[in-house]
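See below for the structure under consideration.
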Amino acid sequence: MTWSATARGAHQPDNTAFTQQRLPAWQPLLSASIALPLFFCAGLAFIGLGLGLYYSSNGIKELEYDYTGDSGTGNCSVCAAAGQGRAPPPPCSCAWYFSLPELFQGPVYLYYELTNFYQNNRRYSVSRDDAQLSGLPSALRHPVNECAPYQLSAAGLPIAPCGAIANSLFNDSFSLWHQRLPGGLYVEVPLDRSGIAWWTDYHVKFRNPPLVNGSLALAFQGTAPPPNWRRPVYELSPDPNNTGFINQDFVVWMRTAALPTFRKLYARIRQGNYSAGLPRGAYRVNITYNYPVRAFGGHKLLIFSSISWMGGKNPFLGIAYLVVGSLCILTGFVMLIVYIRYQDQDDDYEE
Amino acid sequence: MVKEDETFPCDLIFLSSNRGDGTCHVTTASLDGESSHKTHYAVQDTKGFHTEEDIGGLHATIECEQPQPDLYKFVGRINVYSDLNDPVVRPLGSENLLLRGATLKNTEKIFGVAIYTGMETKMALNYQSKSQKRSAVEKSMNAFLIVYLCILISKALINTVLKYVWQSEPFRDEPWYNQKTESERQRNLFLRAFTDFLAFMVLFNYIIPVSMYVTVEMQKFLGSYFITWDEDMFDEETGEGPLVNTSDLNEELGQVEYIFTDKTGTLTENNMEFKECCIEGHVYVPHVICNGQVLPESSGIDMIDSSPSVNGREREELFFRALCLCHTVQVKDNDSVDGPRKSPDGGASCVYISSSPDEVALVEGVQRLGFTYLRLKDNYMELLNRENHVERFELLEILSFDSVRRRMSVIVKSATGEIYLFCKGADSSIFPRVIEGKVDQIRARVERNAVEGLRTLCVAYKRLIQEEYEGICKLLQAAKVALQDREKKLAEAYEQIEKDLILLGATAVEDRLQEKAADTIEALQKAGIKVWVLTGDKMETAAATCYACKLFRRNTQLLELTTKRIEEQSLHDVLFELSKTVLRHSGSLTRDNFSGLSADMQDYGLIIDGAALSLIMKPREDGSSSNYRELFLEICRSCSAVLCCRMAPLQKAQIVKLIKFSKEHPITLAVGDGANDVSMILEAHVGIGVIGKEGRQAARNSDYAIPKFKHLKKMLLVHGHFYYIRISELVQYFFYKNVCFIFPQFLYQFFCGFSQQTLYDTAYLTLYNISFTSLPILLYSLMEQHIGIDVLKRDPTLYRDVAKNALLRWRVFIYWTLLGLFDALVFFFGAYFMFENTTVTSNGQIFGNWTFGTLVFTVMVFTVTLKLALDTHYWTWINHFVIWGSLLFYVVFSLLWGGVIWPFLNYQRMYYVFIQMLSSGPAWLAIVLLVTISLLPDVLKKVLCRQLWPTATERVQNGCAQPRDRDSEFTPLASLQSPGYQSTCPSAAWYSSRSQQVTLAAWKGKVSVEPPPALSGSRHHCSSSPSHSCPGSRVQLLV
């Protein structure tokens, strides 16, 4: 024995549970008896959740209007026709009239939607300079090359904000008017244009360059606005907290959409009499029609939507949960049948 | 000049040594695996030259044959020109040739002249270049890779083509909001298309799992440590554990279909032991206990039969003298040398060394019986007889051993002037030459011993008168100097001399089987592996060993394909006859693999010898050789065991090659311990060396080395099995997770105008394979044990479940790929419908494309990791840590990555994306939903397959998971079920046997205590239950 004890020398491997592959382990097995209750439970839970989601989504109202201006679809067709083949199109206004038979439960959000617009195109989506947008003075003067062909103006000045995304900033504007009584006056409904961008984008990611002599305009001196813009960036809004790179419309636009059909938040309606929603009555939306979409076969839509805890109207999640839940239950039953039959056979064999 | 313990640098003709008699000893352990010392003789005319000047003055020419690989054949002639005289012509044989690679022993220095050098040496001619070995898994991996490469290229092509079709309308190619630069516009269309194609290739390149190769290498490297660490494979006696020389072939151990094993030293211990002798029908057994140590007080012999008469006593002494004299053993006096064995007689410190361990065993055995061989001095052999008198015999002639005659003789002259010829050899070569003696009794004894696996030799003698002896001398001299056909002439001369012998008796030497060799072979055969024994040994001994280690069973019908038979009939006839026998039978067999093992079925064992094999392998002019090969293979395939004896090292490799390249391309494993097995070890898919007595040549050239043959069982059945399932899961999983990863990107191209927009952020693209999903699979592939180690060892048949690359078949691969595609569709379209036309936050804000990608990515990371969790059967704390840890790491990383503005990045697209996503309730719900949908089909498939078509493995798992408390019903003797029980019964009964096996351990003790009730109970049980009435089990029970 002593001999064998001494032989356990240098070559002798360590005898630990790990080296001997004998670590204590939980050895679960995905057998029918475990899977069956799992399937039923998951199925029931999913159906319950699905129903909740479905009804919650159904409770959301949406009102949308295509104001692209295809001929015979309302008075925006005039603007569309006027803008045909001209760049930049001349300023034009049109309106959308609608009436609400009952209260449009609030809070109401106003979106615009573009279709067939590829914000996710690679060349388009890289055409920006985040350093410039974060207010870095050096980047302001020297936009990155990705911004080309919107990097430098024809005069050789750096464009601020540079790039295709900024250049194609959505520039239609809307105002909402409410006529409480038939034939009465239209009262403007206040649109809250703040808080439409991500808090972090507005407060952290986008910064104006440091003011020169207290003036934003001077800070931007020596730069050119994007070619499609009518106004320089520091005149986007009279509100100093909403102009320059931190203009909320601009920030919203700069968050490129995932899909070619996308919505962007335009305004929230939550002030005054309209905090509970839009009361019944006739409404008019004045549209400043600038943005050309017919050139690429796109459409422009205007959407009023209410919001719940789960966001806008989207029945997909609820339906998907319902379908998966019922599938779980169904397969659960199929497996139960298989299981019972198999058990019988098993018993037969063993007897 | 070569000094002691040096190896010869080239093939030399031995001119002289510092020993007076012109001999030297060499060991050829590195050449043919024989560690014993061999005597070589200097050329007669030059053996007197002892200084360099002498050698310098020698004037001679040497003629020799063209280099050939046979180690033991050499024919040449030396013409020594001494002054004025005619040249003296001397023959040169292999005894004059010192081979490169051999080592000089016991001789201070020798002089030699080089004849073959470099690549012409016999060693070089026998050397087989080590080729790169790649495992079957790696091959299928590469095949899969090619498929994925095709997918990648076709994806890129499809997208490029679609892009240009889609862009044919100018407003899509260049809408006003996304104008190109001037240089972009001017670029050539084809150049643009080509760069687009390349860009798509870059975008989709992650589908080629480059990281898989890294992980596989790591898995193999780290995994091989588990083999080295395994305590079960550590041999306490030698203090050696298993060695892993290559880690590339771990999983191949789980795929072995053919094992080619050497016999001596591998199956057996290569530790000869004199067991008994039989003189005139009386059996003598030396007192032997524990490993050959003689009891100190007993130097006598134990007689089993009645005491011999006076005449008998004379014969007995003659027999012992014969054994003492008829050998080529040398005695080494000092014990400092690494002689193979020390004399067990404690007093005399002399060591016997010989080219044949049998001879040593015999001489030692006789020593124990009272006759001690002392030394060979000046051609006189001295021995010490029972009365402690020294007897001296003049050694006149040695008729050395060769494998064709299978006997050797010595002619000695006793002190009294009588000349004896003692002849010792295999029974078959002695009996026909015997004219006197108790042939029948001895033959019976010899046969009995042979069946027991002992190596038997017969001893006979003849008294010669002076005239006869002179005639013999002439005959031999004439044969020895012949240059042409010397061998043949010598053989003829021997033939003439060794006849009319008087049979003295027989000896039996045991080469003990290695511990558990039979058990191991049985287990391997049950695992569906065909075991072939390739040995240089002679047929009878080899066959006996095969019986002893249960390679051949009692009911095995042996088919012989030997030189003897081929001499009788033509090779053609023999082959066709054999194949007819085999095929007629196999016609009645069912085609499944199990039939080969069933107890009631006839199974065949084939014995073939080297000469017959070379006939089969020899290419023929008319090109019919391939026919023979095919036929031979066909026969071999139908045999449950094949024994190839009298194999040269290269022939062993040839056999392996033959099987390796046969139709089915089976995976072969060669195991051996000697240098003669090296070529076979190198040739086979997996080469295993047994760290044995014959040097470490085999171990060094092998892929794995194990201390004992029995370790092969754990090596294959446990480690091989584990590694195979681990790596196959690893490979499939890697392809799967990369499909999951890249296919959404592909789909996204349809929604971003084929603009090569990435769906995921760069950090995610980079880290997906490196950190988010790498560790769980690596740890899985190191730790997974789908079944316990003990179950695998107990039930070798489970090995069949993974045979023939079962887990990497195309069907499985397609399943995984489709699963990946399905999951990718779920991720992408799930997120797509979530994001379509709506907001998913409660504050109405809209998410952008990076949130979309991050959602897809999050679902993916969770799905892919949980999929692995579903596949894990063995959850140690490490698995828990790694799986949950890497999910946690993903979350933490994402929070961090999105939580800070990183100064070194010129874009901040991920800023707060992940956190914003988590702030949205529907995103959470979507993650849960999509992960569930993705995993659902796989769970469903697993559960249904387990219920409806369970594999043997799954049955065992079920059995382990739900131990049925029916122990009382099962009788312990179920453990005695023959393999036939499992194979011939319907699978259901087989299943029940599985659950019984689980309960066995507890019962074993009881069996020994009270066998009768157990036996009767089991009989009752067997007859009452239909599922247990398998013929195999009944037979076993009643034995």
Side-chain angles (χ1 to χ4, degrees), chain A residues 4 7 9 11-13 15 19-21 23 25-27 29-32 35 109 118 120-125 130-131 144 148-149 164 168 198 200 205 255-261 263-265 268 295-297 307 309-314 316-317 320-321 324 331 335 338-339 342 349-350, chain B residues 171 175-179 181 226 228-229 231 234 236 239-241 751-753 755-757 789 833-835 837-842 844-846 848-849 852 870 873-876 906-908 911-912 916 921-922 925-926 929 932-933 939-940 942-943 946-948 957-958 961 988 991-992 1027:
Chain A
S4 79
H11 296 290
Q12 172 89 18
N15 182 14
T19 57
Q20 300 307 313
Q21 305 196 56
L23 280 177
W26 174 51
Q27 286 166 285
L29 213 55
L30 202 64
S31 61
Y109 290 72
Y118 286 84
N120 57 11
N121 185 295
R122 184 181 53 86
R123 211 154 36 78
Y124 179 85
S125 69
D130 278 341
V144 291
S168 58
W198 289 18
T200 48
K205 194 169 158 184
R255 181 153 292 280
T256 51
L259 298 167
T261 299
R263 287 181 186 182
K264 288 198 184 284
L265 185 57
R268 299 181 291 170
F296 52 85
I307 292 284
W309 64 273
M310 56 166 285
K313 190 182 184 70
N314 189 359
F316 163 73
L317 215 51
Y321 264 101
V324 174
T331 49
M335 273 199 295
V338 168
Y339 184 63
Y342 168 84
Y349 288 142
E350 286 188 7
Chain B
F171 70 80
W176 65 263
Y177 56 84
N178 190 16
Q179 307 248 304
T181 58
F226 282 115
T228 344
W229 282 333
E231 214 189 19
F234 182 81
E236 298 240 332
E240 303 255 19
F751 297 92
C752 71
S755 62
Q756 298 113 30
Q757 173 68 292
I789 293 176
F833 287 119
M834 272 277 298
F835 271 68
N837 275 343
T838 189
T839 173
V840 291
T841 53
S842 52
Q845 290 168 1
I846 295 280
N849 62 331
F852 180 74
L870 277 181
H873 291 105
Y874 194 75
W875 286 84
T876 62
N906 61 2
Y907 51 80
Q908 305 293 342
Y911 186 63
Y912 260 70
Q916 283 281 356
L925 289 174
L929 176 79
T932 316
I933 299 179
V939 172
L940 205 62
K942 275 198 169 76
V943 174
R946 185 176 284 276
Q947 285 290 18
L948 295 176
Q957 288 173 339
N958 287 340
Y991 169 61
S992 67
S1027 66

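In what follows, chains carry the letters A, B, and so on, assigned in the order in which the sequence lines appear, proteins first and then strands, with residues in each chain numbered from 1.
Smallest separation of non-hydrogen atoms from B/Val943 and A/Met335: CG1-SD, 3.2 Å. Across all their heavy atoms, A/Tyr118 and B/Cys752 have their closest contact at CD2-C, 3.7 Å. Shown here for B/Trp176 and A/Ala295, the closest heavy-atom pair between the two residues is CD1-CB, 4.1 Å.
Ranked by heavy-atom pairs shorter than 4.5 Å toward chain B, the options A/Asn121, A/Thr261, A/Leu265 are led by A/Asn121. Of all the listed residues (A/Val324, A/Thr331, A/Leu317), the one sharing the greatest number of non-hydrogen pairs under 4.5 Å with chain B is A/Leu317. For the options B/Gly921, B/Gly753, B/Pro922, heavy-atom pairs under 4.5 Å to chain A are most numerous at B/Pro922. Each of B/Ala926, B/Gly844, B/Pro175 has some count of heavy-atom pairs under 4.5 Å with chain A, and the biggest count is that of B/Gly844. Of the residues considered (A/Lys264, A/Arg268, A/Arg255, A/Met310), A/Met310 shows the highest number of contacts with chain B, using heavy-atom pairs under 4.5 Å.
By the 4.5 Å heavy-atom criterion applied to side chains, A/Arg263 and B/Ile846 are counted as neighbours. With contacts defined as side-chain heavy-atom distances shorter than 4.5 Å, the pair A/Thr19/B/Glu231 does not qualify.
Within the 4.5 angstrom heavy-atom criterion, atoms from both the backbone and the side chain of B/Gln947 approach chain A. Both the backbone and the side chain of A/Tyr124 come within contact range of chain B, with heavy atoms under 4.5 Å apart. At a 4.5 Å heavy-atom cutoff, the contact between A/Ala257 and chain B is made by backbone atoms alone. With a threshold of 4.5 angstrom between heavy atoms, B/Leu929 approaches chain A through its backbone and through its side chain. A/Ile307 touches chain B through its side chain: at least one heavy atom from C-beta onward sits under 4.5 Å away, while N, CA, C and O do not.
Annotation: the span from B/Asn178 atom CG to A/Arg122 atom CZ amounts to 10.0 Å, rounded to 0.5 Å. The structure places CZ of B/Phe226 at 5.0 Å from CD of A/Gln21, a figure rounded to the nearest 0.5 Å. We find the OH-CG distance between A/Tyr321 and B/Leu925 to be 4.5 Å, quoted to the nearest 0.5 Å. For the atom pair OG1 (A/Thr256) and CD (B/Gln757), the distance works out to 7.0 Å, reported to the nearest 0.5 Å.
Taking the six-membered ring where the residue is Trp, A/Phe296 and B/Tyr177 present perpendicular rings, their angle passing 60° and hence far from 30°.
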Exercise. Does the side chain to side chain contact (heavy atoms under 4.5 Å, CB included) test come out yes or no for A/Asp130 and B/Tyr911, once each step is laid out?
Worked result: CA-CA 11 Å; A/Asp130 278 341; B/Tyr911 186 63; over 6 Å; no
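Taking the side chain to side chain donor-acceptor pair (under 3.5 Å) definition, one finds that B/Arg946 meets it with B/Gln957, B/Asn958, sequence neighbours left out. In this structure, the ring-ring contact (aromatic ring centres under 6.0 Å, His included) partners of B/Phe835, at least two apart in sequence or on a different chain, are B/Phe852.
A/Asn120 places a side-chain N or O within donor-acceptor distance of the main-chain N or O of B/Phe751, the cut-off being under 3.5 Å. Side chain of A/Gln20 to backbone of B/Trp229: a donor-acceptor contact under 3.5 angstrom is found.
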